[in-house]
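In what follows, a structure is listed as C-alpha cells, so that the remarks can point back to it.
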Protein chains: 2
Amino acid sequence: MNQKTPSTPTAANDTVEALRLDRQLCFALYGAANRVTRLYRPLLEALGLTYPQYLAMLVLWEASPRTVGALGEALDLESSTLTPLLKRLEAQGLVERKRDPDDERRVIVALTSTGLALREQARRVPEQLLCRLDLPLEELGDLRERLKTLAV
Amino acid sequence: MNQKTPSTPTAANDTVEALRLDRQLCFALYGAANRVTRLYRPLLEALGLTYPQYLAMLVLWEASPRTVGALGEALDLESSTLTPLLKRLEAQGLVERKRDPDDERRVIVALTSTGLALREQARRVPEQLLCRLDLPLEELGDLRERLKTLAV
DNA sequence: TGATATTAAATCGTGCACGATTAAATCGTC
DNA sequence: GACGATTTAATCGTGCACGATTTAATATCA
C-alpha cells in the first residue's frame, strides 16, 4: 500500500480524492465499452463481422449509398479508421467502393445484395444482446440519452 | 434510400425497428467511449501517457506493488493487452517489473519514484476534463452507476 | 487563366484489445 | 518425490482508432 503520512496532508488528500472520483467515471465508461464489445463478439462471429464492422453495416442498412465522409460522420470515425474497415467489408463482398463520377475525390460505399441480405441474419442480434445485458429496457433508453450528451 | 415495398411488411419492419433501437444503444456507448478518449488525449499528452496507460497508473497510484493479474482484474484486461502496455510504462521509467520470488509465475509491477511523482502532475486532469465534459456533476455519478451495472 | 487554397480519401506509424497458443512455475495427489 | 493438471505471463496475429502526412481533385479569385 501507498499510505505514507504526507508532508502536506490536505493537498495530498485532495489529489487522491480527485483521482479516485475521476477513475470511477472514466473507468466505468471504458470498462462498459470493452465489456459490451466482448458481449457482441460471439453473436457477430456468426455473421463474420467485428463490432465496428457491425456498426458500419447498421448505418449502411439504414441508407445504403453513402460516401466515406458521410459514414465517418455517422460513426464519428476518421478515414484512417474507416478505409481499412471498408476494404475488409469489400473483401467479404458485403459492400462496393467506387469513386463518385461527379466528384472524384469522394468514394461511394454501397451495399451489395449480399450485404443487404445479411440484414436478415442480423435481425435477432439486438434481442439476443438485450437478453445478455439483462437490464430493464427503460434503463437502457435512459442510459443512451445520457451517453449521447457526453462529450459532444 | 432502401425503401422498397417488402414482401412481408411486418417482419421487415420489425427487423428495421430492432436494428434501429440496437444501433442507438450500442452506438451511444461506442461513440461516447471514443469521444471521451479523444477528450483526454491532449490532457494526457502533457504527462506522456495514453488513455489506457493513464487508467493503469490510476490503479497503481491507489496501490502500488501489484501483480499483472491483479492489474488485469482491476482494469478488466487480458495479459496480452497489459504486458506490452506495462513494458511501455517501464520504458518510460514509471514502473518496474520483476518476478515474484515467492512464485515465479507472477510478475510484480511497482511504481518507481518517477511514477509516484507523476501523480502530482496528474492531479488537475480530472477537473480539467470535467470542465470539457460540461455535464452536471450529479448526472456523472448517475451515469457511472448505470455503466457499472452494464454487462457484468 | 492560372496560381493558390480547400476538400476527400488513403497511407503510415503507434498503441490498444482480444483470442489462441506457448512456456514456465507451482500445486495436488498418489 | 514424481507426474499430470493448473496457473501465470508472454507471444503472435488480426483488427480497430487516431494524428500526421500525402495525393489527387475541385474550388476560388486575382
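A note on names: the letters A, B, ... follow the listed sequences, proteins ahead of strands, and every chain is numbered from 1. These numbers come from the heavy atoms of this one structure, side chains and all, not from hydrogens, waters or symmetry mates.
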I'd like to know if B:Arg106 reaches the base of D:dT8 with its side chain, counting only an N/O donor and acceptor under 3.5 Å. no
Go through DNA chain C in 5' to 3' direction and return only the first and the last nucleotide with some atom under 4.0 Å of chain B's heavy atoms. C:dG15 to C:dT26
Just the rounded figure in Å: distance from P of D:dA9 to CG of B:Leu86. 10 Å
B:Leu75 and B:Thr81, any side-chain heavy atoms less than 4.5 Å apart: no
Could you check whether B:Thr50 gets within reach of a base, just the sugar-phosphate, or nothing at all, counting any heavy atom under 4.0 Å? sugar-phosphate
Could you say whether A:Tyr30 or B:Asp102 is positioned toward the 5' end of DNA chain C, judged by the nucleotide with the nearest heavy atom to each? A:Tyr30
Give one of base, sugar-phosphate or nothing for A:Leu82, where a contact means two heavy atoms less than 4.0 Å apart. nothing
At their closest point, which heavy atom of A:Val59 faces which heavy atom of A:Arg66, and how far apart are they? CG1-NH2, 2.8 Å
Is there a residue in residues 90-101 of chain A whose heavy atoms reach under 4.0 Å of DNA chain D, and which residues are they? none
Measure from CD on A:Glu104 to P on D:dA25 and round the result to the nearest Å. 7 Å
Could you check whether A:Thr67 gets within reach of a base, just the sugar-phosphate, or nothing at all, counting any heavy atom under 4.0 Å? sugar-phosphate
Could you pull out all residues at least two apart from B:Ala32 that satisfy side-chain contact (heavy atoms from CB on, under 4.5 Å)? A:Leu29, A:Leu147, A:Leu150, B:Arg35
Quick check against the 3.5 Å criterion: does A:Ser64 have a side-chain atom that pairs as donor or acceptor with the backbone of A:Leu111? yes
